[in-house]
Visitor: 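Just dropping this structure here.
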Amino acid sequence: MIDLVQLRREPDVVKAALARRGVATDVMDAVIAMDVAHRELLQDAERLRAEVKFLSRLVGEARRDKDTDTATELTEKSRVLGDEERVATEAMERVGAALRNELLMIPNLPAPDVPEGLDENDNVEIRRWWPGMEEGAPFPTFAEHQKVPHWDIGLALGILDLEAGARIAGSMFPLYRGAGSRLVRSLSAFSLDRQSDAYEEIHPPTFALTATMMSTGHLPKSSDDMYGVERDGLWAIPTAEVPLTSMHAGEILDEARLPIRLTAETACFRRESGAAGRDTRGVLRVHEFDKVELFAYCTPEQSQEAFDDILARAESLLRDLGLTYRLLLLCTGDMGTSAARTIDLEVFSPGVDRWLEVSSVSWFGDYQARRAQVRYRTGEGTALVHTVNGSALGWARVWAALLETYRRADGSVALPGVLAPYMGAQNVITATTS
RNA sequence: GGAGGGAUGACAGAGCGGCCGAAUGUACCGGUCUUGAAAACCGGCGUGGGCUUGCCCACCGUGGGUUCAAAUCCCACUCCCUCCGCCA
């Protein structure tokens, strides 16, 4: 949620920033008008309330003094005012609720350095990395045996069974088997182990309440992208960001505790409604995938460092896996609702000949913390924390990129050495390994 | 799933219709005393909102209701504890 106080103080700044994301100025003017109306009604209601409280105290005193006449008279007066107060409060709450609903739909202000743009085509590539780059090696060219899509490799090696997945849960629910399954598990273990020096490992619930989904900004705006269990008022989490952001909801943290760094591996569920065709073959786009998330609650001063650290950790995983990747600074049109700045990591996968998004590192400022009410004690008073998070990494596409990158001429796949401690003898996958 | 008990400030814990935003203790912060520390003593010590910055309003698990007046009474829900049942 954006800062209403800031909107009052510098409406032009807020309007200009949001205009970059396509929020019309008259929408903001309407919000400002609602805010003004709300405060006026609030004053009316509170004034009446104060009078009722005052009269009630007098009634109590008159009763104590056995002055029944005065008590009766004051009671009647207070009752009339009470009726007025009820009406005034109702009017105030109606406008207040409308204002809140409006605010929940307004996205975060983009950071000044976020490029303007409509969609993913306007994202700005920051840099690329590939194995051997530092030693002067050119951008990799890929051999013919690497230009086989992972769904064919997976089928041939018996480690990916999309048909069985579809039989169980419908299309876009992949089923990994044998060494393929172990690879998913290995990647999570590999990443979690790498974060354990600075990030507390969390295993949160996979479902979250509607209120929890509101905090991160996934609701009310993106309910169509989410799986809901209506009967229980629960939603399947689309990312561990959801439970981690609400882990300290409603709390006032000690400044000395910040930054609080958390990591979690969870299943992530996404409807991906509207997605179909070439984007969705194999495991390029799936309804359920595993992901390790890095997360930090921090002070505004710490947020840049927290962001850089998460980005660096995500990158270091890709380097150690020997995958070619690039960084994109997302434009205003491609950023998520709650983000102020996002950098995506995309892996190049030769079999499908495409860049695949495997991580999204975002700084949210206090936007999520305002919704989740996560604060910290400063020298004088309290302030909202900043939240930062990023994937390290989403495994479905990394899984695909690994198979395609490391496929050998004989059809087997020799995974990078960093995975050997986790994969054991299956670090080289052949048709008979699984 | 059944029966019972509970939810109050950082924590413990009183209050069970009328200056109660809330006693008291602990913790914490400041001061006195002390070479220093401890002890003792004195003072302070929740969050949010509004505006005329001094005041007003809200918050005692959540949401409704009763009343001139609700932490206190009534209803529903949530969570926690104990026992029984079921179950990885």
Visitor: Need the pair for rU82(B). Rule: Watson-Crick or G-U wobble, both distances under 3.5 Å, any strand; none if unpaired.
Guide: rA3(B)
Visitor: Say we look at rG13(B) and rC84(B): how far apart would their P atoms be, to the nearest angstrom?
Guide: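 Each nucleotide's P atom is 25 Å from the other's.
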Visitor: Under a plain distance cut-off of 3.5 Å, with no hydrogens placed, do Tyr297(A) and Asn389(A) share a side-chain donor-acceptor pair?
Guide: no
Visitor: Is rA12(B) paired to anything, Watson-Crick or G-U wobble with both distances less than 3.5 Å, and if yes, which nucleotide?
Guide: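 Partner of rA12(B): rU24(B).
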Visitor: Whole angstroms only, please: what is the NE2-P distance between His38(A) and rA58(B)?
Guide: 14 Å
Visitor: Using a cut-off of strictly less than 4.0 Å, decide whether Arg39(A) has a side-chain nitrogen or oxygen near OP1 or OP2 of rC51(B).
Guide: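 Yes.
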Visitor: Find the partner of rA39(B): check Watson-Crick (N1-N3 plus N6-O4 or O6-N4) and G-U wobble (N1-O2, O6-N3) distances, both under 3.5 Å, and reply none if neither fits.
Guide: none
Visitor: Is Lys53(A) near enough to rA58(B) that one of its side-chain N or O atoms lies under 4.0 angstrom from OP1 or OP2?
Guide: yes
Visitor: On the nucleotide rG50(B), are OP1 or OP2 found under 4.0 Å from the side-chain N or O atoms that Arg8(A) carries?
Guide: yes
Visitor: For the P atoms, the ones on rG18(B) and on rC73(B), what distance do you get once it is rounded to whole angstrom?
Guide: 11 Å
Visitor: Strictly distance-based, threshold 3.5 Å: is any side-chain N or O of Ser303(A) a donor or acceptor partner for the main-chain N or O of Pro300(A)?
Guide: yes
Visitor: Which whole number of Å gives the distance between the P atom of rC56(B) and that of rG5(B)?
Guide: 41 Å
Visitor: Distance check, rounded to the nearest 0.5 Å: Ser215(A) atom OG versus Gln373(A) atom CD?
Guide: 9.5 Å
Visitor: Find the distance Leu58(A):CG to rU67(B):C1' and express it as a whole number of Å.
Guide: 17 Å
Visitor: Using the C1' atom on both, measure rG21(B) against rG9(B) and round to a whole Å.
Guide: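 Approximately 9 Å lies between the C1' atom of rG21(B) and that of rG9(B).
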Visitor: Separation of Gln373(A) atom CD from rC59(B) atom P, in whole Å?
Guide: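 Value for this atom pair: 17 Å.
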Visitor: Taking rG6(B) as the reference, what is the distance to rU72(B) when you measure between their P atoms (whole Å, please)?
Guide: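 That atom pair is separated by 15 Å.
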Visitor: Does the Lys NZ or Arg CZ of Arg185(A) fall within the cation-pi geometry relative to Tyr422(A) - under 6.0 Å from the ring centre and within 45° of the axis?
Guide: no
Visitor: rU53(B) pairs with which nucleotide, Watson-Crick or G-U wobble, both distances below 3.5 Å?
Guide: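 Its partner is none (no Watson-Crick or G-U wobble pair with both distances under 3.5 Å).
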Visitor: To the nearest angstrom, how far is Leu4(A) atom CG from rG48(B) atom C1'?
Guide: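 Answer to the nearest Å: 14 Å.
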Visitor: Just how far, in rounded Å, is C1' of rU47(B) from CG of Leu384(A)?
Guide: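 Taking CG of Leu384(A) and C1' of rU47(B), I get 13 Å after rounding.
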Visitor: Between Thr75(A) and Ala383(A), which is nearer to the 5' end of RNA chain B once each is assigned its nearest nucleotide?
Guide: Ala383(A)
Visitor: For Arg64(A) and rG17(B), give me the distance from atom CZ to atom C1', rounded to whole Å.
Guide: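 Taking CZ of Arg64(A) and C1' of rG17(B), I get 13 Å after rounding.
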Visitor: Starting at atom CG of Asp65(A), determine the distance to atom C1' of rG18(B), rounded to an integer number of angstrom.
Guide: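 Distance check: Asp65(A) CG to rG18(B) C1' gives 13 Å.
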Visitor: So, OP1 or OP2 of rU47(B): does either fall under 4.0 Å of a side-chain N or O from Thr382(A)?
Guide: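 Checking Thr382(A) against rU47(B): no side-chain N or O falls below 4.0 Å of OP1 or OP2.
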Visitor: I'd like to know if the side chain of Tyr325(A) pairs up with that of Glu315(A) as donor and acceptor (distance under 3.5 Å, no hydrogens or angles considered).
Guide: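 Side-chain D/A pair, Tyr325(A) to Glu315(A): present.
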Visitor: Looking at rG50(B), rC68(B), rU47(B), which one has an atom nearest to any side-chain atom of Ser78(A)?
Guide: rC68(B)
Visitor: If only side-chain N and O atoms count, and only distance matters, is there a donor-acceptor pair under 3.5 Å linking Thr266(A) with Lys291(A)?
Guide: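 No, no side-chain donor-acceptor pair sits under 3.5 Å.
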Visitor: Is there a side-chain contact between Arg49(A) and the phosphate of rA69(B), meaning an N or O under 4.0 Å from OP1 or OP2?
Guide: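 So the side-chain polar atoms of Arg49(A) never come under 4.0 Å of the phosphate oxygens OP1 or OP2 of rA69(B).
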Visitor: Please work out whether the ring planes of Tyr227(A) and Phe173(A) are parallel, tilted or perpendicular, with thresholds of 30° and 60°.
Guide: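 Taking Phe173(A) first and then Tyr227(A), their aromatic rings sit tilted (interplane angle of 30° to 60°).
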Visitor: When the C1' atoms of rC19(B) and rC28(B) are considered, how many whole Å apart are they?
Guide: 29 Å
Visitor: Considering only the P atoms, how many Å lie between rA39(B) and rG31(B), rounded to the nearest integer?
Guide: 16 Å
Visitor: Please name the nucleotide paired to rG63(B) by Watson-Crick or G-U wobble geometry with both distances under 3.5 Å, or report none.
Guide: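 Base partner found: rC75(B).
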Visitor: Would a distance-only check, ignoring hydrogens and angles, find a side-chain to backbone donor-acceptor pair under 3.5 Å from Arg49(A) to Arg86(A)?
Guide: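 No, Arg49(A) side chain to Arg86(A) backbone: no donor-acceptor pair under 3.5 Å.
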Visitor: The side chain of Leu42(A) lies closest to which of these nucleotides: rG50(B), rU47(B), rG18(B)?
Guide: rG50(B)
Visitor: Which residue lies toward the 5' end of RNA chain B, Glu93(A) or Glu51(A), if each is placed at its nearest nucleotide?
Guide: Glu51(A)
Visitor: Under 3.5 Å, is there an N or O donor on one side and an acceptor on the other linking the side chain of Glu46(A) and the base of rG49(B)?
Guide: yes
Visitor: Both distances under 3.5 Å, Watson-Crick or G-U wobble: report the partner of rA69(B), or none.
Guide: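 Pairing partner: none.
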Visitor: Strictly by Watson-Crick or wobble contacts shorter than 3.5 Å, is anything paired with rC19(B), and which nucleotide is it?
Guide: none
Visitor: Rounded to whole Å, please give me the gap between CG in Asp254(A) and P in rC11(B).
Guide: 12 Å
Visitor: Consider the side chain of Val59(A), meaning its heavy atoms from C-beta on, and name the nucleotide among rG18(B), rC56(B), rG50(B) that approaches it most closely.
Guide: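 Per side-chain heavy atoms of Val59(A), the pick is rG18(B).
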Visitor: So does Arg63(A) reach the base of rG18(B) with its side chain, donor to acceptor, closer than 3.5 Å?
Guide: yes
Visitor: So what's rU47(B) paired with, Watson-Crick or G-U wobble, going by both distances under 3.5 Å?
Guide: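 Across any shown strand, rU47(B) pairs with rA58(B).
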Visitor: Considering only the C1' atoms, how many Å lie between rC75(B) and rA58(B), rounded to the nearest integer?
Guide: 23 Å
